[in-house]
Structures are given as structure tokens and as C-alpha cells.
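Bear in mind that the values here come from a model prediction, so they are computed numbers and not experimental data. Just follow the structure's listing: the first ligand is 1, and inside any ligand the first atom is 1.
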Amino acid sequence: MVGAGPEINDGEIWDPLGFSKLFDRNFDFNMVMTYPHVQWLREAELKHGRVCMLAFVGMVTQSFFQIPGEPQEPNYWKALDACYADPVGRLGVVQISVFIALMEGKYFPEDAWVGQMDREPGDLGWDPLKFAKKPGFDLQEKQLTELKNGRLAMMGVASLACEHVLPGSVPLLSGAPALAREAGPAAPVPAFCGATAAGRAKAPRTQAKYTTQTILPALAWIKTGFKESDLAPTELRAVNLGGVDVLVGKTEAGKLFCVGNLCPHLGTPMSEGADVIGDTIVCPLHGSSWKVGDGELIDWCPSPPIIGPLTGLVIEKKKLAIFEARSGFFGGDIEVQVDTNAKKAYEADYWKGILDAQGKNDGTYY
Ligand code: FES
């Protein structure tokens, strides 16, 4: 078995607790099959090692690099909360969970407990880049490398968790660069995994740039730049007016309307292929539909079968945003009434939520 090879003493496996002999002790007591075969233990070791390699890279990377527009939380301990606070983030968690469940089911190590698995532990037959077929490829050496890196990663992740929960419990991590930064000028800056490092306090990165004040609406009629006669029945045109994405169109009967361009389900632009049927607008992605007159929901995520309804489950059903539209008195341009402070208010709310999630604002967002 790989890992019990070149680095052992005179052919002696290093196994002080006798895990490799557990299986032979079955039926010793009460004639009961209790202990796993070493195949099961190796499968578990490899799986934990792989998960921890991914986890370690993820924990360190997301502390320094974050995807713009996605929930921002440098503290890996609170990152999942920030993800749950975002509807698209919640959907991502569902997708990941479903994917893991499917993979676990497909590659379940059947009969490994009794040492009769029909594959090598950890060998899922997955080698999309065909490394194993390259000349000079030494499979055993790579397996040993993976095993060692996996063991190291398990220790790394366990250390990060210990240092976070009990600051100072992993002395090597106490002086390392900060992973979890806290805001507030007077707040001490936590070092790697939560321990406090003196003298490295930095100015908060968010409060100086964004406001968390309450922003009041400022309604204004804004010209779209085209006339009612430019639109055919059922035609739609997307415009951004004062920072608000809207969709101006006509019903089949030729009545002018204006709705929010972002689908209330996932926030995707309906201008990418939405249909107007009668006085109803239908989202191109999962087929949700709303009345264009009052935004009343008619159908929520009916397609494609199974996937559409599943994605709809995790997001609260909502009405479609409706805007007043009219033909301008001078020149006949279509004008739409929008809140020109909407973008500012959204950003203020967004930052308030993020800061509250981190315990840095007044805590009234939730
Ligand atoms: S994104 Fe519009 S219905 Fe799903």
C-alpha cells in the first residue's frame, strides 16, 4: 500500500496504534463485526486529505482575494454567513451540496469496510488530463505525494481552526499575517486566524468609501430617448435611467408599460429574450411570468422541469417591479419615473448588511 513504502524502518510499518491490525480483531468480542478494514481507513484518509487541501487553499485565498460583486467576507469563519445572506450565494451552496451528494453516492466505497472494494482506495478513475498516460509518469510517487500533501493539509486546516477558536493555541500562527481583518480604527488587528497582533492596525477599507446612512427616494421623470411610435406591440427595450435598469415595452394590445429589467428570481436581465404574451411578461431563463400592469406573479420557475422548480424553491417568490411610463409632453419621448437614489440606497443597505454581519455597524440590518 502506498505510504507504507520507502520511508519505513526496516520494512516495519509505522502504526503505533495498530490501525492496520484492527480488522483482524473483529469477532474477538461478542462475535460482532466492529472494526474497519485498512481499505476503508485509507479511502477515508485520502478523502479527508483532498478535502483539506481544497479547504486550506480556499481559506487562505478568500482572505486576500474576493470576487467583485459577490458577498465579501475576508474572515473565513464568517464567510458562509455572508454567503447565506445573499440569495445567489444560497443557491450556490445548494448546488455545491447537491453536487457533493451525487459524487458521494456515485463513488461510495462499497465493501471497503470488509476489504473487498472493487477499486483501489481513492482511485475514482478520474484523470481528465491523462497524466497517468504520459511517458515517465510514476503513479506510486504521485500517490505518495498526494498522501503526504493531504496529511499536511489536514494538519493545516486543524491548526487554523484551533488557532481561531483558541487564539494562541498554535504559536506558529500567532505572528503570521492577518487572515481575518476587523474594521474600526481602534480595533486591534487579528493576526493569522484571530490572534491579536500588536501594531498593525489599518484603516477600515469600507467605511471611508461607502455610506450606511438611510437614503430617501428621489423620484424623477427621465427620458428614454425613444418614442412610443418606435415600439411595436410585444417589443421590449432595456435602458438604464438614473442607475435603474428598466425594460420599456408594449403589450400585444399596444399598451405602453415599464418594468424592472432584473428578474426577481435570480436577478438576470429579462432583456435577454423575455417574451410578452398578452399583458404578461415571461422570463427567458426559468419561465417565471408576471402581469406587466401591476407586477403580480403568475407562475414561478416552471421550467425546465425539475431544475426550474428546484431553483425557485430557495428564493422567495416576488412581484415584478413596475414603473410609471408616459409619452413626454414635448417631443413625445417616452419618460419613466424612477428613484434616482435607488442605487445609492441599495449600496448603503448592502454595506450596512455586510458590516452588520461582521458586527461592525449598528446591528439593525437583521
Ligand atoms: S431567472 Fe428569471 S425565472 Fe429564473
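Of all N/O/S atoms in H265, ND1 sits nearest atom 4 (Fe) of ligand 1.
Without hydrogens or angle criteria, Q39 side chain to P121 main chain gives no donor-acceptor distance under 3.5 Å. Side chain of D356 to main chain of T364: a donor-acceptor pair is present (N/O by atom type, distance under 3.5 Å, no hydrogens or angles). Proximity of a side-chain donor or acceptor of R326 to a complementary backbone N or O of W221 within less than 3.5 Å is not detected.
For atom 4 (Fe) of ligand 1, the set of nearby N, O or S atoms under 2.8 Å includes one belonging to H286. Among the atoms of C283, an N, O or S atom falls under 2.8 Å of atom 2 (Fe) of ligand 1. Residue C263: no N/O/S atom is found under 2.8 Å from atom 4 (Fe) of ligand 1.
Counting the atoms of ligand 1 from 1 in the order shown, those under 4.0 Å from a heavy atom of S288 are 3 (S). Of all atoms in ligand 1, numbered sequentially from 1 with element shown, those under 4.0 Å from a heavy atom of L285 are 1 (S). Of all the atoms in ligand 1, the ones that sit under 4.0 Å from a non-hydrogen atom of T268 are 1 (S).
Residue V336 forms a side-chain contact (heavy atoms from CB on, under 4.5 Å) with just one option from I222, L256, V248, and that option is V248.
Between F131 and F137, the ring-plane angle classifies as parallel under the 30° and 60° cut-offs.
Between H37 and W113, the distance from one ring center to the other does not fall under 6.0 angstrom.
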